Amino acid sequence: MRNILIVLLLLVICNVSANTVVVGKNSSIKTLRQGIAVAKDGDTVLLTKGTYKEGNIIINKSIHLIGVYAPVLDGDHKNEILTLTGKNIVIKGIHFTNAGYSSLNDFAAIKVIDATRIIIENNTINNASFAIHISNATYTTVRNNIISGTHKSEHLSGNGIHLWKCENAMIEGNSVRGHRDGIYFEFVTTSTIQNNTSELNIRYGLHFMFSHNDIYLYNTFRNNGAGVAVMYSKSVRMENNVFDKNWGASAYGILLKDISNSHIRNNKFIKNTVAIHMEGSSRIEVSSNFFQGNGWALKVQASCDDNTFHHNNFNGNSFDVATNGTMTLNRFYNNYWDKYDGYDMNKDGMGDVPYHPVSMYAMVVEQNPTTLMLMRSFMVSLLDKAEKAIPGLTPENLVDNKPMLKPNKL
Amino acid sequence: MLKLSRYVLYDIIRNKVIIAYSLFLFIVSFSLFQLEENDSKAILSLLNIVLIVVPLISMIFTTIHYYNSYEFIELMLAQPLSRSGILLSEYTGVALSLLSAFFFGVGVPVLLFAFDETGLALLFAGGALTLVFTSIAFLASVKARDKARGIGSALLLWFYFALIYDGLVLLILFSFSEYPMEKFTLLLSALNPIDLGRIFIMLKMDVSALMGYTGALYKDFFGSGTGIIFTVGIMLLWIVLPLWWALNAFKRKDL
């Protein structure tokens with residue numbers, strides 16, 4: 001008898017620990033707030049189809065909140081919608097809309113504070129100032145969400161995916177558009193950003209500060225107001241990304257400021273005003289990238305040292321490299337430059353004449369940008385030819401001693 | 001008047017220079033497209049031809065033609081024809097032949113290999129420059145007293161527009177680099193048809209670079225509808241004004 005009782009009790013406990021709470025019109029629980037209140041740690045809350053306007057909902061227990069047929073959580077333009085804190089919370093398949101805006105608080109569609117092992121997956125978020133706002137969290141995964149913002153001005157809109165002081169985060173397969181910064185990282189370490197698309201954001205596609213040991217792979221950053229900025233970080237790996245059409249007076253494929261010990265590899269830079277702008281950066285390896293049709297492929301300021309640029313392909317850029325001083329502490333080798341016109345006597349595939357990628361005119365434009373008016377004029381090509389014969393203004397150390405004759409295979 | 005233009009055209013075709021010119025352009029542009037593996041580089045080399053060679057040939061050819069047909073013009077003046085009519089038909093004949101040479105020599109390869117915005121911009125600029133420099137050459141030859149002076153001044157004018165002007169612009173931009181010169185450069189570009197044509201093509205070719213700093217101003221201005229009307233308008237002025245001036249001088253000239 002006692003044994004049977006124990007077995008029954010165990011069964012009950014088991015049942016409780018994997019309980020499913022259904023919220024919806026046809027269920028006994030009509031509101032999400034009620035559903036969350038009923039659910040216990042480890043439960044699954046199924047949110048069925050419908051529109052829910054319930055103000056701010058706080059989840060502080062380990063539950064899985066799963067939307068069935070994309071239910072809508074509406075913030076009514078005045079509330080933060082979901083606030084998560086704690087551990088092991090999953091938010092999946094829900095459509096968040098109309099999150100509030102406040103100039104005092106960073107209202108978000110989904111806010112995560114002081115949490116660990118949170119998964120936010122397959123959601124759609126639109127019309128939010130901040131879409132997903134995560135702070136002080138570890139092992140957070142944000143996956144396959146579709147986020148579109150309000151396209152309002154810089155101070156009226158927030159960031160698409162915003163991480164502050166996080167560790168081991170995984171941002172994967174999201175599509176972000178129309179926010180201030182598409183993806184924002186500050187004090188985020190050992191994290192990965194991959195397969196995301198960030199486009200048409202007002203400021204940066206990816207904004208990245210004080211975040212060490214991070215990786216971003218296979219992302220596409222297109223048409224953002226100022227491209228991608230990576231600042232004050234070390235050991236960042238940037239590979240296989242596409243930087244496309246970031247146009248404007250201060251738009252960069254990547255802006256690198258005070259970065260060290262990092263890799264930029266196998267990326268494609270297409271039609272950006274400046275593909276890579278480097279400032280105060282050291283020990284960065286830029287290799288096997290493809291630069292096509294950019295205004296400036298590389299702007300390497302004189303404050304950079306010990307960087308290497310090799311096996312990149314430069315194709316149809318208006319200027320290959322520009323710099324602002326004559327001091328050069330960086331190394332260039334084995335790149336393919338389409339403007340190179342040397343020869344290869346010993347047939348080893350590398351040109352015998354060094355290539356100076358900084359043209360005289362690039363230096364002139366750097367000093368006096370209005371002279372851009374004279375680009376491609378006969379005068380300018382004469383100047384460039386004269387400078388090639390008798391170098392005076394261009395930095396003589398900035399040279400590729402072994403330029404490739406054929407494009408590198410990428 | 002049309003009849004006269006036709007005679008001028010026949011005369012030009014008979015002396016074969018124009019055929020050589022169109023063949024030269026055709027061979028150069030065709031081989032450029034064959035040599036370069038990507039078409040945008042070929043267009044880049046063609047740009048130099050359009051900006052340098054086309055104005056030069058237009059000017060030299062026009063001046064020489066003018067002096068060579070001087071006797072024909074004198075004969076025509078003995079007929080009951082108006083002076084401006086004669087000069088205009090000379091202009092139409094020369095301009096038409098140069099224009100068709102350009103469109104055959106450069107136009108056909110461009111349409112075959114690089115039929116896009118950049119290619120079309122190149123053709124527009126080349127055509128406009130042909131007309132502009134033909135009319136400047138007419139002005140130079142009507143104004144000059146003899147053949148040597150005429151050709152000399154035509155060459156000088158070409159040299160000024162192709163090279164000296166840009167040098168002066170560079171000088172001005174550097175001497176006044178402390179001041180906001182962006183708007184002023186728009187004016188500067190309108191004062192030289194070669195620069196205007198170059199910027200017009202560049203807007204299609206180097207869009208990315210032009211989006212930086214001052215460039216955005218060009219893009220906003222020349223890229224917009226007003227900008228295109230502005231470019232076409234200024235080019236028309238460059239065609240009409242020298243020709244009009246030449247006509248006035250020709251009417252009053254003691255031949």
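In the text below, chain A, chain B and the rest are named by the order of the sequence lines, each starting its count at 1. Quick caveat: nothing in here was measured; it's all calculated off a predicted structure.
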Got a donor-acceptor contact below 3.5 angstrom from the B:Asp166 side chain to the A:Val380 backbone?
no

Got more than 12 heavy atoms from elsewhere within 6.0 Å of CD, B:Glu117?
no

Contact part of B:Leu188 toward chain A, heavy-atom cut-off under 4.5 Å: side chain, backbone, both or neither?
both

Nearest 0.5 Å, please: how far is CG in A:Leu372 from CG in B:Leu173?
10.5 Å

The test is side chain to side chain contact (heavy atoms under 4.5 Å, CB included); show your working for B:Leu170 and A:Leu374 and say whether it passes.
CA-CA 8 Å; B:Leu170 199 62; A:Leu374 294 173; 3.4 Å; yes

Among the options B:Val169, B:Leu51, B:Ile164, pick out the one with the most heavy-atom pairs lying under 4.5 Å from chain A.
B:Val169

Do B:Leu163 and A:Leu382 have side chains that get closer than 4.5 Å, going by heavy atoms?
yes

Name of the residue among A:Met373, A:Met375, A:Arg376 meeting side chain to side chain contact (heavy atoms under 4.5 Å, CB included) with B:Ile199
A:Met373

Examine whether an atom of B:Phe174 lies under 4.5 Å from a heavy atom of chain A, and if so say whether it belongs to the side chain, the backbone or both; otherwise answer neither.
both

Which bit of A:Asn315 is near chain B, if near means a heavy-atom gap under 4.5 Å: side chain, backbone, both or neither?
side chain

Where does B:Ile52 contact chain A at under 4.5 Å (heavy atoms): side chain, backbone, both or neither?
side chain

Please step through side chain to side chain contact (heavy atoms under 4.5 Å, CB included) for the pair B:Phe184 and A:Thr370, ending with a clear verdict.
CA-CA 10 Å; B:Phe184 188 60; A:Thr370 33; over 6 Å; no

What distance do A:Lys339 atom NZ and B:Leu44 atom CG have between them, rounded to the nearest 0.5 Å?
8.5 Å

Kindly check if the number of other-residue, nucleotide or ligand heavy atoms within 6.0 Å of CZ (B:Phe103) is above 12?
yes

